[in-house]
Student: 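Dropping a structure here in structure tokens format, bear with me for questions.
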Amino acid sequence: MKLKLLNSDGRKTEEFKPLKDGEVGLYCCGPTVYNYAHIGNMRAYTFEDILKRTLEYAGYTVNHVMNVTDVGHLTGDGDEGEDKMIKAAREKGMTVWDIAEHFTEAFFRDSERLNIERPNRICKATEHIQDMIDMVKTLEDKGYTYVAGGNVYFDTSRFPGYGKMANLENQDLQHGARVAVDGNKRNGTDFVLWFTNSKFGDQAMTWPSPWGEGYPGWHIECSAMSTRYLGPHFDIHCGGVDHIPIHHTNEIAQSEAANGCKWVNYWLHNEFILMKSGKMSKSKGGFITLQDLIDKGYNALDYRYFLLGGHYRSQLVFSWESLDASRSARESLMRKIAALKEEGRVQSVDTLTEEGQKVLSAFREHMAADLNTPRALADIWSLLKNKNLSASDKLTLIMDMDRILGLSLDEEAPEEEPAALDAEIEALLAERQEARKNKDFARSDEIRDQLLEQGIQIIDSPDGPKWKKN
RNA sequence: GGCGCCGUACCCAAGCGGCUAAGGGAGUGGAUUGCAAAUCCAUCAUUCAGCGGUUCGAGUCCGCUCGGCGCCUCCA
């Protein structure tokens, strides 16, 4: 299985070749834990999960590293603005450490519910301050920095090819069009490596450094931590498209300047989830969390299915109608699989017939072609209708595909357990059965409507009536 | 002002020069069911925003027009 990935660096689709045979170093920009993640944020982590699963499916051993930003990420650019963590702590009356812990926990709970596999290593910025200081020191020794207004800046004019991936050289950037220009900067694109003059300094969040007590700039953490865990040159780096022009551009500059070599071979970026009204973001408010979906009665995997229905590199508009369609599709899929289990069983893919092998390689080809998950879902639906496949072959294929899709297709269709039936409903059900037996359908339908109003849907089956909560 | 993306049926969405334009949701007709639900069968774009061009051949490449979006603040 040869993967072809669209590399943002060069904007071309390339065949993936790892630096070391059979191994992949993968770094993904993780959450800044100052608030709950919204469903747009979760698209990035779901996409990265699909990437990781696909790599593993293809036989690679993946070392997946993800950071948790718990310091240094400002609300504004340059040396203006406040640290997000500190701001959140002040507003909520909690310590920064409590804030970080609370939202980190919430983040991984959401990840788990979306079947996102835990990265092999999760690293917190606050636990790697020394690595960052060391890297800034190296940059200083190599002459890439200057100190102004108490802060240490990276001088982008000293790094040839700065902004190449983002195509910055061809853009007539309007610096200061919407944000006050930082007068300490020598170049508009320069950025802070280490802060010492924060106006909002929370003493709990500063560390001693050669430049004075302070805290790190946001970009340096990813460079320092990825280098520590994956080395100075590794395979894949992921993140949202929003990171291309600034965060990743700066990461490349400082990493390659410090390490003195090529840093990342493949850059993969996911596009945004949009609302009908435009972008979803924390600062604008009005964002939707996974918990909101669950509170409305959706399964977290309905959202994963929704995400898989669009290509990660395309903008996807979220709407409740679309989510409903995803839920209907996923529930139907689960029912069909449950039915298949009545007459077949999962086996090794080696036992597949020629037709089954054909279906499987088509699926693999689709996933290998820059992770075409919409196509992969279509493959499942087509295979279900394929008359040349036995139930066992279908199950075998679907479960193999689910290693990548991560939709928990092997789980039993969620049937509301009638164990907790309350007596009143029980009585109504019994009465309805009695009425049906006597062909008093007016009464039986009346009871059904009555229960439906209480959010209980009755489904008659050959084994008697079943019910579920809506 | 600069950079980039997109416009495929009622909705979402694949498709990257060549068999009859994937798949899902919704809808419609039929089978089944007391009726529903579920399931099964069938049906659902002579056409890919518009106009030109390249080509033996274009939804797919090029140009223009119209429309939508993102970035150049924070953001996944």
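What you are looking at is a predicted structure, and each value in this text was computed from that prediction instead of being measured. Protein chains get the first letters and strands the later ones, always in sequence-line order, with residue 1 at the start of each.
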Student: Can you tell me the distance, in whole Å, between the CG atom of A:Leu384 and the C1' atom of B:rC41?
Tutor: 16 Å
Student: So what does A:Arg448 touch, heavy atoms closer than 4.0 Å: a base, only the sugar-phosphate, or nothing?
Tutor: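 Base contact.
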Student: Once you apply a heavy-atom cut-off of 4.0 Å, does A:Phe47 come out as touching a base, just sugar-phosphate, or nothing?
Tutor: nothing
Student: For the aromatic rings, using the six-membered ring if either is Trp, is the centroid distance between A:Trp267 and A:His247 under 6.0 Å?
Tutor: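 Centroid separation for A:Trp267 and A:His247: 6.0 Å or greater.
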Student: Answer with base, sugar-phosphate or nothing: what part of the nucleic acid does A:Asn170 contact at a heavy-atom distance below 4.0 Å?
Tutor: sugar-phosphate
Student: Does any donor-acceptor pair link the side chain of A:Asp460 with the base of B:rC35 at a separation under 3.5 Å?
Tutor: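 It does, because a donor-acceptor pair links the side chain of A:Asp460 to the base of B:rC35 below 3.5 Å.
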Student: Please give the distance between the P atoms of B:rC6 and B:rU46 as a whole number of Å.
Tutor: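 Looking at atom P only, B:rC6 and B:rU46 are 25 Å apart.
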Student: Rounded to whole angstrom units, what separation is found between the CD1 atom of A:Ile459 and the C1' atom of B:rA36?
Tutor: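 Rounding to the nearest Å, CD1 of A:Ile459 and C1' of B:rA36 are 10 Å apart.
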Student: With ring centroids as reference points, do A:His269 and A:His243 lie under 6.0 angstrom apart?
Tutor: no
Student: Just so I know, are the side chains of A:Tyr266 and A:Asp9 near enough to count as touching, which here means a heavy-atom distance under 4.5 Å?
Tutor: no
Student: Using the C1' atom as the point on both nucleotides, what is the distance between B:rU8 and B:rC16, in whole Å?
Tutor: 14 Å
Student: Kindly write out the residues that satisfy ring pair (Phe, Tyr, Trp, His ring centres under 6.0 Å) with A:Tyr45, not counting sequence neighbours, or none if the list is empty.
Tutor: A:Phe107
Student: Polar-atom pairs under 3.5 Å, protein N or O versus N or O of nucleotides 24-31 of chain B: list them with distances, or write none.
Tutor:
unit_1, atom_1, unit_2, atom_2, d
B:rG24, OP1, A:Lys385, NZ, 3.4

Student: Quick one: on RNA chain B, does A:Phe441 or A:Gly30 contact a more 5' nucleotide (nearest heavy atom)?
Tutor: A:Phe441
Student: Tell me if the centroids of the rings in A:Phe318 and A:His38 come within less than 6.0 Å of each other.
Tutor: no
Student: Let's go through A:Tyr298 and A:Asp324 carefully: what are the C-alpha distance in whole Å and the side-chain angles of both, what is the deciding distance for side-chain contact (heavy atoms from CB on, under 4.5 Å) to 0.1 Å, and is it a yes or a no?
Tutor: CA-CA 9 Å; A:Tyr298 294 94; A:Asp324 283 343; 2.5 Å; yes
Student: Using the P atom in both, what is the distance from B:rC66 to B:rA26, to the nearest Å?
Tutor: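 Pairwise P distance, B:rC66 against B:rA26, rounds to 39 Å.
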Student: Holding to side-chain contact (heavy atoms from CB on, under 4.5 Å), I want the full list of residues that pass it with A:Glu91, two or more places apart in sequence or in another chain.
Tutor: A:Lys87
Student: Under 4.0 Å, heavy atoms only, any strand: does A:Arg443 hit a base, just the sugar-phosphate, or nothing?
Tutor: nothing
Student: May I ask you to say what A:Trp218 touches in the nucleic acid, namely base, sugar-phosphate or nothing, with a heavy-atom cut-off under 4.0 Å?
Tutor: sugar-phosphate
Student: Measure from OH on A:Tyr162 to C1' on B:rC72 and round the result to the nearest Å.
Tutor: 12 Å
Student: Between side-chain atoms of residues 356-369 of chain A and protein atoms elsewhere (two or more places apart, or another chain), which donor-acceptor pairs fall under 3.5 Å?
Tutor:
unit_1, atom_1, unit_2, atom_2, d
A:Gln357, NE2, A:Val349, O, 3.2
A:Ser361, OG, A:Gln357, O, 2.9
A:Ser361, OG, A:Lys358, O, 3.2
A:Arg364, NE, A:Tyr57, OH, 2.8
A:Arg364, NH2, A:Tyr57, OH, 3.1
A:His366, ND1, A:Ala362, O, 3.1
A:His366, ND1, A:Asp379, OD1, 3.4
A:His366, ND1, A:Asp379, OD2, 2.6

Student: May I have the distance from A:Asn438 (atom CG) to B:rG34 (atom P), rounded to whole angstrom?
Tutor: 15 Å
Student: Could you give the distance separating B:rA13 and B:rA49 at their P atoms, to the nearest angstrom?
Tutor: 14 Å
Student: Tell me the interatomic distance from A:Leu383, atom CG, to B:rA22, atom P, rounded to whole angstroms.
Tutor: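 After rounding, the gap between these two atoms is 18 Å.
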Student: Does the side-chain ring of A:Phe272 sit on the six-membered ring of the B:rA76 base, less than 5.5 Å centre to centre and under 30° in tilt?
Tutor: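 The ring of A:Phe272 is stacked on B:rA76.
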Student: Do the ring centers of A:Phe306 and A:Tyr303 come within less than 6.0 Å of each other?
Tutor: yes
Student: Give the stems involving RNA chain B, where a stem is 3 or more consecutive Watson-Crick or G-U wobble pairs (i with j, i+1 with j-1, and so on) under 3.5 Å.
Tutor: B:1-7 with B:66-72, B:10-12 with B:23-25, B:27-31 with B:39-43, B:49-53 with B:61-65
Student: Can you tell me how far the OG atom of A:Ser223 sits from the CD1 atom of A:Ile252, to the nearest 0.5 Å?
Tutor: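 Answer for the OG-CD1 pair, A:Ser223 versus A:Ile252, is 9.0 Å.
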Student: Tell me: CZ of A:Phe191 to C1' of B:rU73, nearest whole Å?
Tutor: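 The answer, rounded to whole Å, is 17 Å.
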Student: CD1 of A:Ile244 versus P of B:rC5: gap in Å, rounded?
Tutor: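 Atom CD1 in A:Ile244 sits about 12 Å away from atom P in B:rC5.
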Student: Among the nucleotides B:rC35, B:rG34, B:rG2, which one has an atom lying closest to any side-chain atom of A:Gln171?
Tutor: B:rG2
Student: For the ring pair A:Phe191 and A:His219, is the centre-to-centre distance below 6.0 Å?
Tutor: yes
Student: Taking any heavy-atom pair under 4.0 Å as a contact, classify A:Ile273: base, sugar-phosphate, or nothing.
Tutor: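 Base: the residue A:Ile273, judged by heavy atoms under 4.0 Å, touches a nucleobase.
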Student: Here's a test for you: under ring pair (Phe, Tyr, Trp, His ring centres under 6.0 Å), which of A:Phe234, A:Tyr27, A:Phe159 qualifies with A:Trp263?
Tutor: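 Result: among A:Phe234, A:Tyr27, A:Phe159, A:Phe234 is the only option passing the ring pair (Phe, Tyr, Trp, His ring centres under 6.0 Å) with A:Trp263.
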Student: Touch check for A:Arg436, heavy atoms < 4.0 angstrom, all strands: base, sugar-phosphate only, or nothing?
Tutor: base
Student: Which of these nucleotides, B:rC74, B:rA76, B:rC3, is closest to any side-chain atom of A:Asn167?
Tutor: B:rC3
Student: What integer number of Å spans the P atoms of B:rA9 and B:rC48?
Tutor: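 About 10 Å, rounded to a whole number of Å.
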Student: Between B:rC19 and B:rG24, how far apart are the two C1' atoms, rounded to whole Å?
Tutor: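 These two C1' atoms come out 24 Å apart once rounded.
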Student: When you compare B:rA22 with B:rG59, how far apart are their C1' atoms, in angstrom units rounded to a whole number?
Tutor: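 Their C1' atoms lie roughly 14 Å apart.
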Student: Quantified in whole Å, what is the C1' atom distance between nucleotide B:rU65 and nucleotide B:rC12?
Tutor: 28 Å
Student: Given A:Tyr162, which of A:Thr249, A:Thr156, A:Thr189, A:Asn250 fulfils the side chain to side chain donor-acceptor pair (under 3.5 Å) condition?
Tutor: A:Asn250
Student: Check nucleotides 12-14 of chain B against the protein and report each pair of N or O atoms closer than 3.5 Å, with its distance, or say if there are none.
Tutor:
unit_1, atom_1, unit_2, atom_2, d
B:rA14, OP1, A:His311, N, 3.1
B:rA14, O3', A:Asn372, ND2, 3.1

Student: So, is A:Lys336 close to the B:rC40 phosphate, meaning a side-chain N or O under 4.0 Å from OP1 or OP2?
Tutor: yes
Student: Using a 4.5 Å cut-off on heavy atoms from C-beta on, say whether the side chain of A:Asn187 contacts that of A:Asp155.
Tutor: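 Counting from C-beta outward, A:Asp155 and A:Asn187 do come under 4.5 Å.
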Student: Nearest heavy atom decides the nucleotide; on that basis, is A:Ala369 or A:Leu377 closer to the 5' end of RNA chain B?
Tutor: A:Ala369
Student: So A:His243, base contact, sugar-phosphate only, or nothing? Heavy-atom distance under 4.0 Å.
Tutor: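 Sugar-phosphate: the residue A:His243, judged by heavy atoms under 4.0 Å, touches backbone atoms but no base.
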Student: Using whole Å, report how far CE of A:Met165 lies from P of B:rG4.
Tutor: 15 Å
